[in-house]
2 protein chains.
Amino acid sequence: MHDTFVSNPSFFKLDATLKKIRNYWQKNFDAQQKDITVDQWLLIENLYKHKRITHNELARLTSKDITTVSRIIELLVKKELVERQGSTDDRRKVFVQLTPAGVNKYKDVRPLVLEMRKTGWNNLSEGDYNELTRILDVIYNNIP
Amino acid sequence: MHDTFVSNPSFFKLDATLKKIRNYWQKNFDAQQKDITVDQWLLIENLYKHKRITHNELARLTSKDITTVSRIIELLVKKELVERQGSTDDRRKVFVQLTPAGVNKYKDVRPLVLEMRKTGWNNLSEGDYNELTRILDVIYNNIP
DNA sequence: TAGCAATAGTTGCTAGAGCAACTATTTATG
DNA sequence: CATAAATAGTTGCTCTAGCAACTATTGCTA
């Protein structure tokens, strides 16, 4: 591993790519008046999958800070897409789940998301996808 | 390209990896009292390379919004690591360059950055690096 | 059982991201 | 030459990120 390799700012390329994706998603959300942000979507997606979970689990699933999750949930509650329910057996916990409107939002936005993912993966094979996954996993696990 | 492939949230993995890297960098900066953020570092690195450039060019080089660059520069000016100079031939432009203290900061932080990059690339080959670069480039260019 | 540590969540703070609206200047076009 | 269009940058706004400090509750342990 020679120096040019090490000094090459791969970090930057990751950041640039992610920003471009995020931007593209947000512009499409806005253009189709979906009235959500990309991160709000990520939470909705996870809530649809897991039905009823705590802030903590949601944070872990989304790789987000608990404080960030707390605030995004707050916005989603205001939009009446999500509701909170204090746990009865452990009164520290707060469960979160989609409202019927939240479920509708998921179903409404989902096709657009699939379409955008397809656009991103254009000209790439499943092997490429596996490679990317593998490399990112190694990097992730390299970092203490 | 079957559905599991398309629906797989690669976006999420990119985001998670980047956050982990960014976090690791920041923690090391803090632990060694470098007194900068990761994005402030990215600007310093670019200013060291390009000596004297405008906000606009800096934004393009770093894939950052001009407004964001403007604000980061402001913080760096407060820290006396960077100085601004209005252009004389085009009075809309503002040139930015490192102060001597800024150059010292670059030289002080640089070894730590190289070390951290090495950590991230542990167990990966130059081929992996090329693959990652290639795939991210394709994704980047797929997006309008 | 009393007291302390651990856990779940919230609030305050600083910083980065990006859009919209604005000023100031330069360039293009009539 | 005058006016419009384009460009560089700043400011205000909302949202996300993450740290520190805080409350409330639960679990552990002497």
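When reading the values below, keep in mind they use all heavy atoms of this one structure, side chains included, and skip hydrogens, waters and symmetry mates. Every chain is numbered from 1 and lettered A, B, ... according to where its sequence line falls, protein lines coming before strand lines.
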**OP:** Taking only heavy atoms on the protein side, list every residue of residues 78-90 of chain B lying under 4.0 Å from any atom of DNA chain D, sorted numerically.
**Re:** B/Arg84

Original post:
What residues in residues 59-67 of chain A put a non-hydrogen atom under 4.0 Å from any atom of DNA chain D?
Top reply: A/Lys64, A/Asp65, A/Thr67

Subject >> Contacts of A/Asp65 that satisfy side chain to side chain contact (heavy atoms under 4.5 Å, CB included) - sequence neighbours left out >> reply: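 Checked A/Asp65 against side chain to side chain contact (heavy atoms under 4.5 Å, CB included); matches are A/Thr67, A/Thr68.
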
Mind checking side chain to side chain donor-acceptor pair (under 3.5 Å) for [X] and listing every partner two or more places apart, or none if nothing turns up?
| X | value |
| --- | --- |
| B/Thr54 | B/Glu57 |
| A/Asp15 | A/Lys19, B/Arg22 |
| A/Gln32 | none |

Distance, rounded to the nearest Å, where [X] contributes [atom1] and [N] contributes [atom2]:
| X | N | atom1 | atom2 | answer |
| --- | --- | --- | --- | --- |
| A/Asp15 | D/dA17 | CG | C1' | 13 Å |
| B/Lys93 | D/dA6 | NZ | P | 18 Å |
| A/Leu75 | D/dA17 | CG | P | 12 Å |
| B/Leu18 | D/dG18 | CG | C1' | 14 Å |

**OP:** Within residues 23-43 of chain B, find the residues that approach DNA chain C with a heavy atom at under 4.0 Å, and present them sorted by residue number.
**Re:** B/Thr37, B/Asp39, B/Gln40

**OP:** Please tell me which of A/Lys19 and A/His55 maps to the more 5' nucleotide of DNA chain C, matching each residue to the nucleotide holding its nearest heavy atom.
**Re:** A/His55

**OP:** Sorted by first residue and then second, give each ring-ring contact (aromatic ring centres under 6.0 Å, His included) pair with at least one member in residues 49-91 of chain B; sequence neighbours left out.
**Re:**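 Every candidate ring-ring contact (aromatic ring centres under 6.0 Å, His included) pair involving residues 49-91 of chain B fails, so no pair, neighbours aside, qualifies.
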
Less than 4.5 Å apart, side chain to side chain, heavy atoms only: is that true for [X] and [Y]?
| X | Y | result |
| --- | --- | --- |
| A/Asp39 | A/Thr62 | no |
| B/Gln40 | B/Leu81 | no |
| A/Leu132 | B/Leu136 | yes |

Subject >> Leading and trailing nucleotides of DNA chain C with any atom under 4.0 Å from heavy atoms of chain A >> reply: C/dA6 to C/dC19

Original post:
Do A/Thr119 and A/Asn122 meet the criterion of a side-chain donor-acceptor pair at a distance under 3.5 Å?
Top reply: no

**OP:** Determine the interplanar angle of the B/Trp25 and A/Phe11 rings, folded into 0 to 90°, and report it as parallel if under 30°, tilted if 30 to 60°, perpendicular if over 60°.
**Re:** parallel

Original post:
Going by the side chain to side chain donor-acceptor pair (under 3.5 Å) test, which pairs reach into residues 97-106 of chain B, not counting sequence neighbours?
Top reply: B/Glu83-B/Gln97, B/Tyr106-B/Arg110

Subject >> salt bridge (Lys or Arg N to Asp or Glu O under 4.0 Å) contacts in which one or both residues fall within residues 84-95 of chain A, not counting sequence neighbours >> reply: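 Output for this query lists A/Asp90-A/Arg92.
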
Original post:
Among pairs that include at least one residue of residues 25-35 of chain B, which meet salt bridge (Lys or Arg N to Asp or Glu O under 4.0 Å), considering only residues two or more places apart or in two chains?
Top reply: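 Pairs touching residues 25-35 of chain B that pass the test: B/Lys34-B/Asp108.
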
**OP:** Output the single nucleotide from D/dA6, D/dT16, D/dA24 whose closest atom is nearest the side chain of A/Arg92.
**Re:**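 Of the options given, the side chain of A/Arg92 lies nearest D/dA24.
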
**OP:** Determine the contact category for B/Arg71: base if any of its heavy atoms lies under 4.0 Å from a base atom, sugar-phosphate if only primed atoms, P, OP1 or OP2 are that close, otherwise nothing.
**Re:**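 B/Arg71: base contact, heavy atoms under 4.0 Å.
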
**OP:** Could you tell me whether B/Ser70 contacts a base, only the sugar-phosphate backbone, or nothing, with contacts defined as non-hydrogen atoms closer than 4.0 Å?
**Re:** sugar-phosphate

